[in-house]
Amino acid sequence: ADSMVGVGADFEHGNGIGINADTRHVAAKEDGANTDTLAFLVGLSKGLTNGSIGVGFEGQTNVVGTKFGWAVPVVISASF
């Protein structure tokens, strides 16, 4: 059976700037092979008068076809 554990933290730095980080571990077996995965995310966000913008760096080990996969997620939110 697969199992997952993770921990994360958010920190409000002031002036609408936020910092967040998390890490996750998934223990799994597929066809008898160890497919454990370790993933992490580090991000920054900036609150605006009508929304926010944020960017991060996310990495993951043991991705299909490669040893390490990564992404740069971007989020933009707005309220009208």
Side-chain angles (χ1 to χ4, degrees):
D2 296 352
S3 64
M4 181 166 80
V5 64
V7 64
D10 295 329
F11 177 71
E12 184 63 38
H13 186 269
N15 295 326
I17 296 175
I19 302 167
N20 64 314
D22 70 59
T23 184
R24 301 166 303 279
H25 179 264
V26 178
K29 291 211 179 281
E30 185 175 313
D31 297 328
N34 180 358
T35 58
D36 284 9
T37 298
L38 180 64
F40 65 90
L41 170 71
V42 177
L44 292 172
S45 61
K46 171 69 174 155
L48 306 171
T49 56
N50 65 337
S52 65
I53 186 167
V55 65
F57 180 80
E58 187 170 23
Q60 181 173 332
T61 63
N62 225 357
V63 178
V64 175
T66 184
K67 296 287 184 192
F68 184 78
W70 60 273
V72 178
V74 175
V75 62
I76 299 170
S77 67
S79 300
F80 299 99

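The first residue in the sequence is number 1, and the count goes up from there. Predicted model, so just to flag it, every value in this text is computed and none were measured.
- The number of heavy atoms from other shown groups lying within 6.0 Å of CG (Asn50) is above 12.
- With rounding to the nearest 0.5 angstrom, the OG atom of Ser45 is 12.0 Å from the NE2 atom of His13.
- The two residues Leu41 and Pro73 make their nearest non-hydrogen contact at CD1-CG, 4.1 Å.
- Linking ILVMFWY side-chain heavy atoms closer than 4.5 Å, directly or via other members, places Val55 and Trp70 in a single hydrophobic cluster.
- Aromatic ring pairs are classed by plane angle as parallel below 30°, tilted from 30° to 60° and perpendicular above 60°; the pair Phe40 and Phe57 is tilted.
- Qualifying side-chain contact (heavy atoms from CB on, under 4.5 Å) partners for Leu44, counting only residues two or more places apart in sequence or in other chains: Ile19.
- Atom CG of Asp10 sits about 5.0 Å away from atom CG of Asn20, to the nearest 0.5 Å.
- No donor-acceptor distance shorter than 3.5 angstrom exists from the side chain of Thr61 to the backbone of Lys67, with no hydrogens or angles considered.
- From Phe68, atom CZ reaches atom CD of Gln60 across 9.0 Å, with rounding to the nearest 0.5 Å.
- When all heavy atoms of Ser52 and Gly47 are compared, the pair lying nearest together is CB-CA, 4.1 Å.
- Looking at every heavy atom in both residues, Ile17 comes nearest to Glu12 through O-OE2, 3.2 Å.
- When atom types are taken as modelled, the side chain of Asn62 and the backbone of Thr37 share no donor-acceptor pair closer than 3.5 angstrom.
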